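All remarks here apply to the structure that follows.
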Protein chains: 2
Amino acid sequence: MAERRTRGGRAARVQARTNPPPVYLPTLNRAVGPIDLLGPEGVEKIHNAAMTILETTGIEFRDPVALADWKKAGADVDGERVRIGRDMLMDLISTVPSTYTMHARNPERTVEVGGRHSIFANAYGAPFVYGLDGVRRPSTLQDAHNFFKMGQMSQALHVPGILPVEPQDVPVPQRHLELVHAALTLTDKPIKGSVLSEQAARDTVDMTRIVFGEEFVDNNVVVTSLLNCNTPLVWDETMLESLRIYAAANQPCLLSPFVLAGASTPSSPHGGVALLIAESLAGMAYSQIIRRGAPMVLGVAIMGVSMKTGAPMMGSPEPGLMNLLVGQMARFYQVPWRSCTMWTGSKSPDLQAGFDSANTMWPVLLGGCNYIVHACGFLEGALGVSYSKWVHDALQLENYHRFFSGLQEENIDALLADVDAIGPGGHFLGTDHTRENPLHMNPLQNNDSYEQWEAEGSKNADVVGREEAQRILENYVQPPMEDDIRGALDEFVAKKRAAYQPTAA
Amino acid sequence: MAERRTRGGRAARVQARTNPPPVYLPTLNRAVGPIDLLGPEGVEKIHNAAMTILETTGIEFRDPVALADWKKAGADVDGERVRIGRDMLMDLISTVPSTYTMHARNPERTVEVGGRHSIFANAYGAPFVYGLDGVRRPSTLQDAHNFFKMGQMSQALHVPGILPVEPQDVPVPQRHLELVHAALTLTDKPIKGSVLSEQAARDTVDMTRIVFGEEFVDNNVVVTSLLNCNTPLVWDETMLESLRIYAAANQPCLLSPFVLAGASTPSSPHGGVALLIAESLAGMAYSQIIRRGAPMVLGVAIMGVSMKTGAPMMGSPEPGLMNLLVGQMARFYQVPWRSCTMWTGSKSPDLQAGFDSANTMWPVLLGGCNYIVHACGFLEGALGVSYSKWVHDALQLENYHRFFSGLQEENIDALLADVDAIGPGGHFLGTDHTRENPLHMNPLQNNDSYEQWEAEGSKNADVVGREEAQRILENYVQPPMEDDIRGALDEFVAKKRAAYQPTAA
């Protein structure tokens, strides 16, 4: 709070004029799309294929507790292989809510997940940053703090996440403490939870209980966490431990097969989607054995694999088509779904990065995705986060939010009167309608003349983005938090930090 | 032909391996979309508004011949203002074909326009280039030649256009001769026609008659030309002179209002679209007075206008929504439609350029656009063409072609057998299916590790694109043309060049 109090008087008024506070966008309520590529028969075909995979091939749960749970629930368990009949599976997932409300500690930032709603969350887990100077280096806790601050200041980013970068200067057992504490105190938006370990998941839930209250957390969603399935057909112990903690606490997870089409799944849309649907639904079904009715999200992370080098490819067409299919299948199962976007293999926030980012966003939004992850910052095939690209991406989200909100009501008779009054050769710059319906503008989109641009330093988008990131960080305002809550959070972290000393090397 | 004969023996075989000849993509037959934003009532509302504009406000034809033609046809002509009743207008446009075939001199490059078909044409008319060295300078005839060559070598670009850049080193009265000659001889794809003047249009048609034969040209489309309406509500003499030449020759024009939403039209989608539809349909109706049944294309060029600087904005959301509406209206009128894409205000092929380009392409393809112009090369708000961006854009077109071609048939049982055989923890890299269904790859998309990328020179997309443009130009192969046709073309141009001497300064 100290930062805020120092900003009084004239300086504050100048500040507010040149750096107006963010005008937060609500949950996107899509009015464009979704696109359904399949007829009912096509949907049935993929559904049958997914069910056949789970019934015949089965899926591995590499975790003794999960295997015992499945056996008790009546599945066919053979070693680590679990075969699940379609009736059992469909019955289990039938209690997953089709929509849920994800609460922020500031109720004005609360969002909706599912149905026609879409929300944006930023990049997740990169070990490197491309700094304010543009130079690549290992990421630190300070970077994570900066991205939380930038997330708080972004108008369109709904969820600033939990692991904007890996803080490599913090010992592994303590990382989740620092990150959850920072997410809860530097932002007042909804957060993700840690899935580093069972203890990390438990600590995340405990910290949300400090902030929201125990009873509220038991009855409402306050965190959503990201779990990956090892495609093909393996759920591992670490992920399942976290899933149990979150499901038991009534907190959803994004159950996300990690798909490299052509490597971890078949290269083509139908086959790949059947497989990843089977995997995600198996995880979702398991969550309902833990707690019936716990919200869950059908998740996917889809890339292609380069047949030349084996590297992941982002922005290529087949994963785009797969996203449309996953969306249609999620609507068939009546569950929310999550996908990834705005990523690129480029090592620079350049032309390729722009194309790849946009070309991964459009199919995801057209597929009607509800929970859109990695929407700000990624470069280098998800290994790096760029300060510059982060701010560009965040502004692009406003653009997509506007487009997918669709048409507004218009008084066409008044417009015809304008056309008639203005007539041939006139212009509409001064009409009431134009003044009252300003076009969406991206402040980082440079549309000046070449001469003007040159006179201002010939800055390309990378430079412009880094300057803007600097400006945002300088103007960050920390959201208030009640002193007793803040005290309890600090105390929790201090105690746990002492307990989680890294083992000496 | 000399260039080809020198390439024999071993050198030719090595060449073919490292620089394989292009594999040309056919007309895109869209299987994804189109997206209809309006119900039947919404369509009727925009239609009524457009008809009301033409009936009540009217539109100016600043051309005595056109005014006489309209009077004779029965329209209400008052000075330069023409008011057209809806019955008359709808009757006139009813004879515009909903689809047409645009013939190339090589029948394998012939394309379809209308319906579910989409074709791509490159940038048009820029006075500046960003050269192979990345430096901006006035464009020359050599640049135009280079872009024709690059157009010929592109797999996805269907129409290499006619004015890839303005050749500023050629006197204005001779420019169309050099450009049409180059388009017809350096490429064997379909071309655009010149609209510089009545004479330029006439010469274009005459040159196509030399290549295709008089009777063929009278009965088939061999050229499509771009005409702009001066929005709001003015068709000028130069454009109408060209329109008369082309319509009389049974050759279509892209009848394109130049829209700066918020300046030349209302800022909001319904009103802007009603106005531009009225303008384009008025031009189209006039074409049918010239020749009933001549193919024509409803055209649009839609940008927003910055409320801060008045500059055009490309890649913002409202023009995207307007494109969806125009597509739906074109389907209502059962005419093909044309739009613009892949453009940007950026002065560098950077992150902004990538976002703007992609964000203008997606709505155009989702709107079901048939004739997609400016699909390669633009920077600087259409004032500059970049060699680097050109090749990146051309490869992105392959990406969009693949995505919008939609799903292919798949043998799901065979895929299930693969999944079963591979099982948990395996991979699909070696399956027959993966080998037979390789994922689409963009050779300029860098997905290497950071270390590999650094070892190879840390090249960003701009550098990579310029190197690729150089490689393409070095490997260009001129398509053959019969000697007598080539001789007649050369003779035509030589004679006209002598006749069109620029006036001394």
Side-chain angles (χ1 to χ4, degrees), chain A residues 37 45 49 52-53 57 60 233-234 262-263 266-271 275 304 306-307 311 313 316-318 320 345 347-355 358-359 362 380 392 396 399 402-403 407 410 412 415-416 419-420 424-425 427-429 433-434 437-440 446-447 450 453 460-461, chain B residues 37 45 49 52-53 57 60 233-234 262-263 266-271 275 304 306-307 311 313 316-318 320 345 347-355 358-359 362 380 392 396 399 402-403 407 410 412 415-416 419-420 424-425 427-429 433-434 437-440 446-447 450 453 460-461:
Chain A
L37 287 186
K45 202 161 147 183
T52 303
I53 290 169
T57 305
E60 284 187 10
L233 296 171
V234 177
S267 60
S268 53
H270 294 84
L275 178 55
S306 164
M307 295 292 159
M313 298 193 299
S316 60
E318 295 85 355
K347 269 65 65 181
S348 160
D350 62 358
L351 184 70
Q352 177 190 337
F355 270 121
N359 289 342
W362 281 91
E380 201 191 328
H392 279 285
Q396 290 293 332
N399 193 346
R402 174 72 194 83
F403 181 90
L407 302 170
E410 289 179 57
I412 200 101
L415 288 168
L416 286 176
V419 169
D420 197 55
H427 69 77
F428 295 76
L429 286 165
H433 179 84
T434 300
N437 295 275
L439 296 172
H440 178 82
N446 191 304
N447 293 306
Y450 184 87
W453 176 75
N460 69 16
Chain B
L37 288 185
K45 202 160 149 184
T52 303
I53 290 169
T57 306
E60 284 187 12
L233 296 169
V234 177
S267 60
S268 53
H270 295 85
L275 177 55
S306 164
M307 296 292 158
M313 299 193 298
S316 59
E318 294 87 354
K347 270 63 67 182
S348 159
D350 62 358
L351 183 71
Q352 177 190 337
F355 270 121
N359 288 343
W362 281 91
E380 200 190 330
H392 279 286
Q396 290 293 331
N399 193 346
R402 175 71 195 83
F403 181 89
L407 301 170
E410 290 178 56
I412 200 103
L415 288 168
L416 285 176
V419 170
D420 197 57
H427 69 77
F428 295 77
L429 286 165
H433 179 84
T434 301
N437 295 276
L439 295 172
H440 178 81
N446 190 304
N447 293 305
Y450 184 87
W453 176 75
N460 69 16

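Computation of the quantities below employed the complete heavy-atom set of this structure, encompassing side-chain atoms and omitting hydrogens, waters and symmetry-equivalent molecules. From a predicted model like this one, the values you see are computed outputs, not experimental measurements. Letters A, B, ... are given to chains in the order of the sequence lines, protein chains preceding strands, and every chain is numbered from 1.
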- So, does A:D350 use its side chain to make a donor-acceptor pair with the main chain of B:A461 at under 3.5 Å? yes
- Measure distances from B:Q352 to the heavy atoms of chain A and classify the residue's part below 4.5 Å as side chain, backbone, both or neither. both
- B:H427 NE2: over 12 foreign heavy atoms closer than 6.0 Å: no
- Let me know if B:L429 has heavy atoms under 4.5 Å from chain A in its side chain, its backbone, both or neither. both
- Among A:G345, A:G304, A:P266, single out the residue with the greatest number of heavy-atom pairs under 4.5 Å to chain B. A:P266
- Item | Shortest non-hydrogen contact from B:N447 toward A:K347 | C-NZ, 3.8 Å
- Side chain, backbone, both or neither: which part of A:L233 has a non-hydrogen atom closer than 4.5 Å to chain B? both
- Query: Relative to chain A, which of B:A353, B:A49, B:S316 shows the most heavy atom pairs under 4.5 Å?
  - Reply: B:A49
- Task: Counting only heavy atoms closer than 4.5 Å, note whether B:L439 contacts chain A via side chain, backbone, both or neither.
- Result: both
- Item | Nearest atoms (heavy-atom pairs only) where A:N359 meets B:N399 | ND2-ND2, 3.9 Å
- Part of B:T52 lying under 4.5 Å from any heavy atom of chain A: side chain
- Task: Could you check B:E318 against A:N437 for side chain to side chain donor-acceptor pair (under 3.5 Å), going step by step and ending with a plain yes or no?
- Result: CA-CA 11 Å; B:E318 294 87 354; A:N437 295 275; over 6 Å; no
- Message: Please identify, among A:N460, A:V234, A:D420, the residue contributing the most non-hydrogen atom pairs under 4.5 Å to chain B.
- Response: A:D420
- Task: Select, from B:A311, B:A263, B:S348, B:G271, the one with the greatest count of heavy-atom pairs under 4.5 Å involving chain A.
- Result: B:A263
- Task: Could you tell me which of A:M307, A:E410, A:R402 has the largest number of non-hydrogen atom pairs under 4.5 Å with chain B?
- Result: A:E410
- Measure the spacing between OG of B:S268 and CD1 of A:I412 and express it to the nearest 0.5 Å. 8.0 Å
- Item | Winner by heavy-atom pair count (cut-off under 4.5 Å) against chain A, out of B:I53, B:L415, B:T434 | B:T434
- Message: Between B:Q396 (side chain only) and A:F355 (backbone N and O only), is there a donor and an acceptor less than 3.5 Å apart?
- Response: no
- Indicate the atoms forming the closest heavy-atom contact of A:L351 with B:P349, along with that distance. CB-O, 3.4 Å
- Would you say B:E60's side chain and A:P424's backbone share a donor-acceptor pair under 3.5 angstrom? no
- Task: Output the distance between atom OH (B:Y450) and atom CD (A:E380), rounded to the nearest 0.5 Å.
- Result: 7.5 Å
